[in-house]
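Below is one structure, written out as structure tokens; the observations come after it.
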Amino acid sequence: MTERFRVIDAHAMLGRETYLALDADELLRRMDAAGVVTAIARPMGSGLVVDHRAGNDLVLKAGPRIRGLATANPWWGVHALDELARARDLGAVGLFLDPARQGFFPTEEVARPLFERASNYRWPVMVRTGLYTFADILALVEVACKFPETPFIAGFGGYADMWFELPESFGKVENLYLDASMMWGDAIREIVKTYGASRVLFGGAEPRNRYAVNLRTLERLELDESARRAILHENAARIFGL
Amino acid sequence: MRIIDFHAHLDGWWLDKPLPSAADLVAILDRYDVEAACVYTVMGFYGDCPRHNEALAERCLSQPGRLIPFVTVDPKLGPPAVDELERCLANPLFRGVKFHPWLQAFACSMVKETMVAILRAAAEFDVPVLFHDGTPPYSTTYQIADVARWVPEAKVILGHAGSADYTDPAAQLIRDIPNLYGCFCGSRPGDLVHLVATAGADKILFGSDFGAGGGWELLPERIDNVTEAGLHPVDLAKVLHANSERLLKLRERPLSSRPAALQS
């Protein structure tokens with residue numbers, strides 16, 4: 001289906017991690033094939049966990065159609081904050097954290113300076129959710145309550161079995177958004193129906209998922225035009241300041 | 001493109017939510033050209049397995065030749081669980097065994113003696129045993145894979161081939177343990193590429209988890225996860241159909257398309 005608005009992918013991944021690999025050229029090819037105009041990308045693999053400068057450069061220097069979420073491991077302390085400042089100068093549009101890969105609870109004191117920095121920069125924060133312990137989706141909810149002006153995006157939406165905690169959380173925290181890149185259709189429908197399409201972001205989760213899968217998932221929901229526009233374009237444009 | 005769904009559910013309810021009927025399930029299978037689906041209880045994971053096994057068989061008999069029931073027993077009961085398993089598997093309608101250790105509240109290591117007896121019985125009947133996997137505390141992919149080593153003659157299936165977070169461990173374990181297989185059920189195309197490349201297309205089977213909530217859209221979405229992986233056509237056919245046909249012995253024992261009475 002060709003959309004009458006510019007489709008934005010809110011969650012792509014660049015780099016190499018275990019069995020996944022994607023570079024900017026291949027992402028652009030996949031975007032073109034799917035009719036995606038802009039992708040918001042974050043680093044994966046070593047660029048996510050330890051080598052932030054390389055990871056952030058990968059997503060921040062990928063060209064005008066790929067915008068970057070910067071990452072830094074909170075355990076790097078002041079060096080993490082320095083890296084976020086560098087990333088902002090390079091045009092980062094938000095912060096990405098992966099508590100499971102980077103090894104912290106979002107509620108730990110060590111992470112707080114990064115959330116404060118994102119708030120100061122007026123960045124949205126996407127946090128990988130779904131793994132038990134560190135990536136507990138309710139840990140993200142606790143942090144989102146403490147920073148009510150900052151949009152928090154539940155990366156992967158708690159996929160798979162922590163999804164069950166998300167609908168209730170949306171009722172408690174207005175600054176919480178769903179990254180739908182790994183979610184099944186009925187889960188997306190429930191959030192749209194209960195809390196409105198303004199809380200949901202289309203994502204591709206390339207290279208783990210495929211645009212074609214997620215676009216068809218949205219089509220089957222038979223959402224009205226305004227909801228489709230919100231999910232596929234407007235919400236991302238607003239939250240990431242595009 | 002032939003499709004057999006190796007992982008679906010059929011029950012009246014899940015907790016307080018009604019689930020699709022057998023007729024509803026088959027109508028959706030028809031819409032997406034799925035020949036047959038292996039179906040498991042949901043509420044039977046919480047107790048009274050014999051009653052739920054009977055109910056599951058009756059529901060399947062209402063749609064002859066399309067729904068393949070798997071037995072669920074409670075290994076915490078000890079020998080009576082083995083008795084119930086053998087009672088059900090004596091009925092040729094049942095073609096496999098399903099466990100959900102997380103919902104059933106046991107780690108296999110806690111009930112090892114009974115689980116070994118169950119796996120040996122399943123091996124004697126030559127039916128596969130599928131376990132939910134990919135979630136702690138009782139169903140990590142490592143925990144389930146270890147069970148396959150206890151009884152090498154049993155065919156053990158990781159019910160989600162690692163699910164969201166254990167894809168790479170699943171791929172390695174399926175590759176390394178001869179009697180371990182993976183049901184690709186819920187993960188995404190990039191995960192399937194890795195599973196097939198590492199473990200081989202002969203050991204990966206398609207499943208949807210359809211029927212336990214999630215709406216009718218779950219089935220086509222889960223099929224999309226397979227078809228969008230870009231597998232070689234030969235491998236695609238193995239994952240979608242041929243491997244299930246082999247493990248379920250559908251060539252040797254075709255599904256009856258005629259209504260039949262429940263045997264006990």
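All figures in this text were calculated on a predicted structure; none of them were measured in a lab. In what follows, chains carry the letters A, B, and so on, assigned in the order in which the sequence lines appear, proteins first and then strands, with residues in each chain numbered from 1.
Ranking B:E221, B:E228, B:E217 against chain A, the residue ahead of the rest is B:E221, based on heavy-atom pairs under 4.5 Å. The choice from A:N209, A:N214, A:V213, A:D161 that makes the most heavy-atom pairs within less than 4.5 Å of chain B is A:N209.
B:Y142 and B:Y166 have perpendicular rings, their planes meeting at more than 60° on a 0 to 90° scale where under 30° would count as parallel. Ring orientation note: the planes of B:F106 and B:F99 are nearly perpendicular, at an angle over 60° on the 30°/60° scale. Ring geometry, A:Y159 versus A:F156: the interplanar angle exceeds 60°, so the pair is classed perpendicular (tilted spans 30 to 60°).
Summarising the geometry of B:H52 relative to B:T41, their closest heavy-atom pair is CB-OG1, 3.8 Å, with the distance given to 0.1 Å. Summarising the geometry of B:S244 relative to B:I4, their closest heavy-atom pair is CB-CG2, 3.8 Å, with the distance given to 0.1 Å. Shortest non-hydrogen contact noted between B:T167 and B:S187 is OG1-OG, 4.3 Å.
With a 4.5 Å cut-off on non-hydrogen atoms, A:M162 does not touch chain B at all. Contact annotation for B:T198: neither backbone nor side-chain heavy atoms come within less than 4.5 Å of a heavy atom of chain A. With a 4.5 angstrom heavy-atom cutoff, A:R220 touches chain B via backbone and side-chain atoms both. Within the 4.5 angstrom heavy-atom criterion, atoms from both the backbone and the side chain of A:A160 approach chain B.
For B:F70 and B:F6, the ring centers sit closer than 6.0 Å to each other.
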Report the C-alpha separation of A:R128 and A:D179 in whole Å, then their side-chain angles, then the decisive distance to 0.1 Å, and conclude whether the salt bridge (Lys or Arg N to Asp or Glu O under 4.0 Å) test is met.
CA-CA 9 Å; A:R128 162 83 181 275; A:D179 158 29; over 6 Å; no

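Taking 4.5 Å as the heavy-atom cut-off, the residues of residues 129-139 of chain B that approach chain A are B:H132, B:T135, B:P136, ordered by number.
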